[in-house]
Engineer: 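Please see the structure below; I have some questions.
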Amino acid sequence: MTTITGALRTRAGVIAATVLAAVLLLAVSGPFLAPYDPLENSAEILRPPGAAHWFGTDYLGRDVLSRVLAGAPTSVFTAFEAVGIGLVIGVVPGVTSVYLGRAYEWITLRIMDGLIALPFLIFAIAVAALLGNAVHQAMIAVGILLAPSFYRVTRAAALSHANAQYVTAARLFGASTWWVLRTHVWSKILPALVVATANATAGGLLIVSSLTFLGIGVVPPEPTWGGIVASGLGYLAQVPYGPVFPSLFIMATVGALNLLADAIRDTSGDHGRARALSRTGARRVRLT
């Protein structure tokens, strides 16, 4: 919590948190705020934005604003689901690989190398074909492919503290590996993990949008941001602005997540302490 609190004291953190709070509000209440039924067809086909339809209508006469609002929960929460799966699969072996012996370390490294080598789109299609073309099955595939990034981040952070004097002293006094991990190591790797999680959530949203753009994981006419972009691309000659509105929501969310990750990285860990010391030194120089 201290890591996030420090980031929220910066201008970038405040901007990112404001945008993300608005997106989460839409994800929770978007379907209830939709002015029209997002699945209802009408005779008002490919209408431009106006007072009745703020974002216009699509090729079936459906209100685009209603579909964007109704598609927010699927687009946002499925990205969180994929990141959660990636965290579980990647973080636990990433941390324990440093302390549970060479054999365990070699096995986990080879598994993660194999996951990195998997072609993403083919793997996602294969999982959807095997488990069924549903959003949760698709998120299993996305989470598995996000796991190596969490593994490498947590492993690198744990390695940097594995031979620290306080860790060596604790083990000499008989502390167990799990006690060392929980008491000393976890707090050290948490800032790097929070940054990786924010970046992975941004990447997860892009992946979810890409999959739904291709029709993987979602059965039409269920609205998703990627699906709305795909449906608008077929009618660019009539409504060239069709894909713009859902794309703006995707860009704003991804940009805010990356901005939050940068703010957390700049205010936490050794980098954050270095920045704080430099600011303190600069104030002392000005006072003298």
Side-chain angles (χ1 to χ4, degrees), residues 3 78-131 136-208 210-211 217 257-258 261 264-265 268-271:
T3 301
T78 51
F80 291 152
E81 180 181 356
V83 170
I85 294 171
L87 276 169
V88 173
I89 299 175
V91 170
V92 175
V95 176
T96 55
S97 66
V98 180
Y99 296 93
L100 296 186
R102 292 293 182 87
Y104 178 81
E105 178 185 22
W106 187 89
I107 292 172
T108 56
L109 280 170
R110 299 294 78 77
I111 291 174
M112 293 301 164
D113 289 342
L115 292 178
I116 291 175
L118 286 174
F120 166 74
L121 186 57
I122 296 176
F123 181 71
I125 293 173
V127 171
L130 181 65
L131 302 179
H136 298 296
Q137 285 84 332
M139 291 311 101
I140 292 174
V142 176
I144 291 173
L145 295 177
L146 288 176
S149 62
F150 288 115
Y151 175 88
R152 293 189 175 278
V153 167
T154 53
R155 173 176 162 76
L159 276 173
S160 65
H161 300 283
N163 297 319
Q165 291 182 351
Y166 51 85
V167 172
T168 303
R171 304 189 82 169
L172 288 174
F173 277 102
S176 66
T177 299
W178 298 111
W179 189 90
V180 171
L181 289 174
R182 185 177 66 254
T183 306
H184 294 296
V185 178
W186 179 250
S187 61
K188 302 297 182 181
I189 68 175
L190 186 59
L193 183 59
V194 172
V195 173
T197 301
N199 283 325
T201 306
L205 179 59
L206 287 176
I207 294 172
V208 169
S210 301
L211 291 177
L257 286 167
N258 287 327
I264 294 173
R265 185 193 61 228
S268 63
D270 296 335
H271 185 64

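Values below: every heavy atom of this structure, side chains too, minus hydrogens, waters and symmetry copies.
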Engineer: Would you compute the distance between atom OG1 of Thr154 and atom CG of Leu190 and round it to the nearest 0.5 angstrom?
Structural biologist: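 Answer rounded to 0.5 Å: 11.5 Å.
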Engineer: Taking the side chain as everything from C-beta on, heavy atoms only, tell me whether Ile85 gets closer than 4.5 Å to Leu146.
Structural biologist: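 The answer is no, as the side chains (C-beta and beyond) never meet within the 4.5 Å cut-off.
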Engineer: Within this structure, what is the CG-CD1 distance for the pair Leu145 and Ile207, rounded to the nearest 0.5 Å?
Structural biologist: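 Atom-to-atom, Leu145:CG and Ile207:CD1 are 7.0 Å apart.
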Engineer: Tell me whether Arg110 at atom CZ has more than 12 heavy atoms from other residues, nucleotides or ligands lying less than 6.0 Å away.
Structural biologist: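 Yes, the 6.0 Å shell around CZ holds more than 12 heavy atoms from other groups.
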Engineer: Give me the atom names and distance for the closest heavy-atom approach of Ala138 to Leu211.
Structural biologist: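 Heavy atoms only, the tightest pair is CB-CD1, 4.4 Å.
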Engineer: Are the side chains of Leu100 and Glu105 in contact, using a 4.5 Å heavy-atom criterion?
Structural biologist: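 No, every pair of side-chain atoms sits at 4.5 Å or beyond.
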Engineer: Measure the shortest side-chain to side-chain distance between Gln137 and Leu130 over non-hydrogen atoms and say whether it is less than 4.5 angstrom.
Structural biologist: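 No - every pair of side-chain heavy atoms lies 4.5 Å or more apart.
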Engineer: How far apart are the C-alpha atoms of Val195 and Val153, what are their side-chain angles, what is the distance that settles it, and do they pass the side chain to side chain contact (heavy atoms under 4.5 Å, CB included) test?
Structural biologist: CA-CA 10 Å; Val195 173; Val153 167; over 6 Å; no
Engineer: Considering non-hydrogen atoms only, spot the tightest contact between Ile189 and Ala157 and give its length.
Structural biologist: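 Result for this residue pair: CG2-CB, 3.4 Å.
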Engineer: Considering non-hydrogen atoms only, spot the tightest contact between Gly204 and Ala79 and give its length.
Structural biologist: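 Looking at all heavy atoms of both residues, the shortest contact is C-CB, 4.0 Å.
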Engineer: Show the numbers, then the answer: is there a side chain to side chain contact (heavy atoms under 4.5 Å, CB included) between Asn199 and Asn258?
Structural biologist: CA-CA 6 Å; Asn199 283 325; Asn258 287 327; 3.2 Å; yes
Engineer: Begin from the C-alpha positions of Phe150 and Thr197 and carry the test side chain to side chain contact (heavy atoms under 4.5 Å, CB included) through to its verdict.
Structural biologist: CA-CA 8 Å; Phe150 288 115; Thr197 301; 3.7 Å; yes
Engineer: First locate atom CD1 of Ile89, then atom CE of Met112, and finally report the distance between them rounded to the nearest 0.5 Å.
Structural biologist: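 With rounding to 0.5 Å, CD1 (Ile89) is 7.5 Å from CE (Met112).
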Engineer: Are side-chain heavy atoms of Tyr151 and Leu115 found at a separation under 4.5 Å?
Structural biologist: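 No - every pair of side-chain heavy atoms lies 4.5 Å or more apart.
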Engineer: For side chain to side chain contact (heavy atoms under 4.5 Å, CB included), just list the numbers for Val142 and Glu81, CA-CA rounded to whole Å, side-chain angles, deciding distance to a tenth of an Å, and then say yes or no.
Structural biologist: CA-CA 9 Å; Val142 176; Glu81 180 181 356; over 6 Å; no
Engineer: Checking side chain to side chain contact (heavy atoms under 4.5 Å, CB included) against Ser97, which of Val92, Thr108, Ile107 comes through?
Structural biologist: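 Checked Val92, Thr108, Ile107 against Ser97; only one passes side chain to side chain contact (heavy atoms under 4.5 Å, CB included): Thr108.
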